[in-house]
> 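So that we are looking at the same thing, I have put the structure below in structure tokens.
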Number of protein chains: 2
Amino acid sequence: MAPDPRKKTTIYDLSQLSGASPSTVSAVLNGSWRKRRIKESTAEEIQRLAEEHQYSTNRQASGLRRSRSGLIGLLLPIYDFHHFSSIAQSFELRARRRGLCPIVVSTHRDPAEERASAEHLISYSIDALFVCGAADPDGVHEVCEAAGVRHINLDLSGTRAPSVVSDNYDGGRVLTEALIDAFPADAPLTVDELMLIGGREDEATRARVRAFHDVRSTRFGRSDADAVDLTGYSARNAKLAFERHYQARGRLPRAVFINSAINFEGFLRFLTDHRGDDYSGHVIGCFDYVPFASFLSFPVIMIRQDAESMVATAFDILDRPSEAPVVHLIPPQLVPPRTALTGPLDEIHSPGDDLRDRSL
Amino acid sequence: MAPDPRKKTTIYDLSQLSGASPSTVSAVLNGSWRKRRIKESTAEEIQRLAEEHQYSTNRQASGLRRSRSGLIGLLLPIYDFHHFSSIAQSFELRARRRGLCPIVVSTHRDPAEERASAEHLISYSIDALFVCGAADPDGVHEVCEAAGVRHINLDLSGTRAPSVVSDNYDGGRVLTEALIDAFPADAPLTVDELMLIGGREDEATRARVRAFHDVRSTRFGRSDADAVDLTGYSARNAKLAFERHYQARGRLPRAVFINSAINFEGFLRFLTDHRGDDYSGHVIGCFDYVPFASFLSFPVIMIRQDAESMVATAFDILDRPSEAPVVHLIPPQLVPPRTALTGPLDEIHSPGDDLRDRSL
DNA sequence: TTATGTTGCGCAATCGATGGTGCAGGGACT
DNA sequence: AGTCCCTGCACCATCGATTGCGCAACATAA
């Protein structure tokens, strides 16, 4: 009567109990029973027994047989970083909504680790792999290709598989225009008061810089290369850059397009060393979402990459028959000044528990 | 010659190629070959072939046979939240260091989802489960117990399994004392200038409040209940609380112990509505790590929960034979004012790429 | 020469679920 | 009665790796 303690019940147990064959039990429990013309009453009985004995299918066995696992992988450079953890969050949600089990692994932008992790995941017969921000997406591609595993690049495009990335050009354009438009008609921005700081020679930054120059040229008639200062994705270097430009002209440019959260942190470090200064009349743009930026005394306009849409698009691609290595561009969202701190989630929570009200 | 495209090589393939039996191949490849007295030269040959044909073991098959999977699960309330994503990060790192494959699933503090997710993970024959911040750890315990899966509570203790949690009393004590000591001898803090805002009736908050009162009594001779204002974990409610106390006395108490990052966000919202005010002479404590807090114009003392140690301890427990449901307390760390923004990681990165230099 | 090890490895069952195929029984129709 | 079809299900090989057991060949000891 009492189910064996510590021993999971199998279809064979249920077969015994119900008098049906294991294959019938299997069919009933995996939903293929109508196709196999099992009588409704038989199915009901087996389902009842399954419930009663807390049956749950052994996915290793099932996966072995079907050579699929219900697992889906995500390779991530690093976890603990807002943009990436947003992606992980969306990934997890959507994977689970499809009944898939998410495995997230961080590979530190190391090509060897990327390949090794991909291989490791593949040895679990994962059904698909998302490759986010990889240093070497095409290396991972090879591994997946060899194993016949569907895979999609996220956030950084590869040449061999479909990719979903932020539309950096569009984001850069929107942010640059927003910066210029933030200034009143009676004290308009001039061309050399507008700088871009941060980033390095990568795909994303190049697109943003291109947009920056394009808008700048369109709006001011010209744009020169030294308006852009690529510091790398480093808080310290960004801080030094701010320091430099500050020294050079005795104050900060009135409008700065900061290329990432990391670089924005450099800016904050700069600010802490210049507490006394007056920043009214300044407007900062940040190509990343940093909620606390809304607390600053001057306006900060942000671009929030739409992790949710990116992941959604990637899943959509999985649904379609496998496609050529197209790049899908996802427009990022503009976050107007002072709006980051109040989330739409504020309203829907019981006062006692609003963990979902994400703070940082 | 060329390995079949798209078809993974198995021990049977290698058996054919090497002339050895599948069991010998298996033994060689899983390392048990010495125990089975396989000749060294045979082993070498098989390993060579395995390499050549890019063999990798099918973990579903292996797992099925051994009824273990090499997977390890983590149940998390939510991802996108600094404390939890730190835990996820540490978990991922340590799991992989042990050759385990991490599966992180967020369950939104919903008891039913917690159980369901645990069952789902168990159906993959996970080797162990960490249960972090669960609403109903003992419910999850039952599920695990029934399946014979080792499990450990993290961050919130259960009564039925070993738990690893922050030492909230100690953290509360340290933070309260640091707040008091932050004031100079010539303008010392008085008892009713010290408040605690945020949190609700839960295990963690209770311990912190107890410490708060204890220190307050010790240092000031008395402590009254209305120095504590539990607002729930809500930014909005915390903001309202600050507003209330501000109105009541015409200014903020000079020292406030804020109970969490979420509540701290409420404080920031309060500040944005009171930009003009002078906060010199104020000191804020926050029982959570919020890097950007270091940017504020007044000192913010933070308590950083030691996710890394918590996870490490949890893994250590796994190594030991299963133990009684003991609670392990991990002392959190004090983050002195203005120190959050400069990480030790600043130094070790190439300028071009310091993603690991976590910003927020 | 016979008893006793030791070395090196193969045999075959097993883990649990799946799905192609086949087959018995019953009804309908010629 | 013979043919055909449909219903409802069982049989059994299979996925790939693991492991208890056994056995041949050779060495050593008595």
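Below, chain A is the first sequence line, B the second, and so on; all start at residue 1.
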> Mind calculating the distance between CG (A:Leu64) and P (C:dG19) to the nearest angstrom?
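Those two atoms, CG and P, are 12 Å apart.
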
> Please confirm whether any donor atom in the side chain of A:Arg36 sits under 3.5 Å from an acceptor in the base of C:dG20, or the reverse.
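Between C:dG20 and A:Arg36, which were checked side chain against base, a qualifying N/O pair under 3.5 Å is present.
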
> Hey, does the side chain of A:Ser26 reach the backbone of A:Pro22 with a donor-acceptor pair shorter than 3.5 angstrom?
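No.
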
> Assess the side chains of B:Ser56 and A:Glu119: does a donor N or O sit below 3.5 Å from an acceptor N or O?
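There is no such pair (donor and acceptor under 3.5 Å, judged by atom type) between the side chains of B:Ser56 and A:Glu119.
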
> With a 4.0 Å cut-off on heavy atoms, is A:Ser32 in touch with a base, just the backbone sugar-phosphate, or nothing at all?
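Nothing, no heavy atom under 4.0 Å.
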
> Could you give the OH-to-C1' distance, from B:Tyr12 to C:dG10, as a whole number of Å?
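Between C1' of C:dG10 and OH of B:Tyr12: 13 Å.
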
> When you get a sec, tell me which of C:dA17, C:dT7, D:dT18 is the closest nucleotide to the side chain of A:Ile11?
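Ranking C:dA17, C:dT7, D:dT18 by closest atom to the A:Ile11 side chain puts C:dA17 first.
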
> Is the distance from OP1 or OP2 of D:dC9 to the nearest side-chain N or O of A:Thr42 less than 4.0 Å?
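Looking at the OP1 and OP2 atoms of D:dC9, one of them is under 4.0 Å from a side-chain N or O of A:Thr42.
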
> Under 4.0 Å, heavy atoms only, any strand: does B:Ser26 hit a base, just the sugar-phosphate, or nothing?
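Base, at least one base atom sits under 4.0 Å.
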
> Where the side chain of A:Ser23 is defined as all heavy atoms beyond and including C-beta, which of D:dA17, D:dA10, C:dG8 is the nearest nucleotide?
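Looking only at side-chain atoms, A:Ser23 lies closest to D:dA10.
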
> Give the rounded distance in Å between these two atoms: OH of A:Tyr124 and P of D:dC15.
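In whole Å, D:dC15 P and A:Tyr124 OH are 22 Å from each other.
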
> Of the candidate nucleotides C:dG16, C:dC9, D:dT7, which contains the atom at the shortest distance from the side chain of B:Lys39?
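Within the option list, the nearest is C:dC9.
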
> Mind calculating the distance between CD1 (A:Ile46) and C1' (D:dG8) to the nearest angstrom?
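Computing the A:Ile46:CD1 to D:dG8:C1' distance gives 12 Å.
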
> Starting at atom CD of B:Glu40, determine the distance to atom P of C:dC9, rounded to an integer number of angstrom.
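My rounded result for the distance is 11 Å.
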
> Just call it for B:Ala27: base, sugar-phosphate, or nothing, with non-hydrogen atoms closer than 4.0 Å on any strand.
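Contact class for B:Ala27: none.
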
> Which part of the nucleic acid, if any, lies within reach of A:Ser62 when heavy atoms closer than 4.0 Å are counted: base, sugar-phosphate only, or nothing?
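Contact class for A:Ser62: sugar-phosphate only.
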
> If only side-chain N and O atoms of B:Thr24 are considered, is one of them under 4.0 Å from the OP1 or OP2 phosphate oxygen of C:dG10?
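Affirmative; the distance criterion is met.
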
> Grab the CD-P distance between A:Glu44 and D:dC9 for me, whole Å please.
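After rounding, the gap between these two atoms is 12 Å.
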
> At under 4.0 Å, does any side-chain N or O of B:Tyr55 touch on OP1 or OP2 of D:dA17?
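Yes.
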
> Report yes if at least one side-chain N or O of B:Asn30 is closer than 4.0 Å to OP1 or OP2 of D:dT18; otherwise report no.
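For B:Asn30, the contact criterion (side-chain N or O under 4.0 Å from OP1 or OP2 of D:dT18) is met.
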
> Does B:Arg66 contact D:dT18 through a side-chain donor or acceptor facing the base, at a distance under 3.5 Å?
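Between D:dT18 and B:Arg66, which were checked side chain against base, a qualifying N/O pair under 3.5 Å is absent.
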
> In whole angstrom, give the distance that lies between atom CG of B:Asn58 and atom C1' of C:dA17.
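Answer to the nearest Å: 14 Å.
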
> Rounded to whole angstroms, how far apart are CG on A:Leu14 and P on C:dG16?
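Rounding to the nearest Å, CG of A:Leu14 and P of C:dG16 are 12 Å apart.
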
> If we ignore hydrogens and angles and just use 3.5 Å, is the side chain of A:Ser32 paired with the main-chain N or O of A:Lys35 as donor and acceptor?
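No: the side chain of A:Ser32 does not pair with the backbone of A:Lys35.
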
> Mark yes or no for whether A:Glu45, through its side chain, and A:Ser18, through its backbone, hold a donor-acceptor pair below 3.5 Å.
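Side chain of A:Glu45 to backbone of A:Ser18, a donor-acceptor pair under 3.5 Å: no, none is there.
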
> Of the nucleotides C:dG16, C:dG10, D:dT7, which one has an atom closest to the side chain of A:Arg37?
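Closest nucleotide to the A:Arg37 side chain: D:dT7.
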
> So what does B:Arg59 touch, heavy atoms closer than 4.0 Å: a base, only the sugar-phosphate, or nothing?
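No contact.
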
> Parallel, tilted or perpendicular: which one describes the rings of B:Phe130 and B:Phe315, with boundaries at 30° and 60°?
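If you compare the ring of B:Phe130 with that of B:Phe315, the planes turn out perpendicular.
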
> Between C:dA17, C:dC9, D:dG8, which nucleotide has the shortest distance from any of its atoms to the side chain of B:Ile38?
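The listed nucleotide nearest to B:Ile38's side chain is C:dC9.
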
> Is a side-chain donor or acceptor of B:Ser117 paired with a backbone partner of B:Glu114 at a separation under 3.5 angstrom?
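No, B:Ser117 side chain to B:Glu114 backbone: no donor-acceptor pair under 3.5 Å.
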
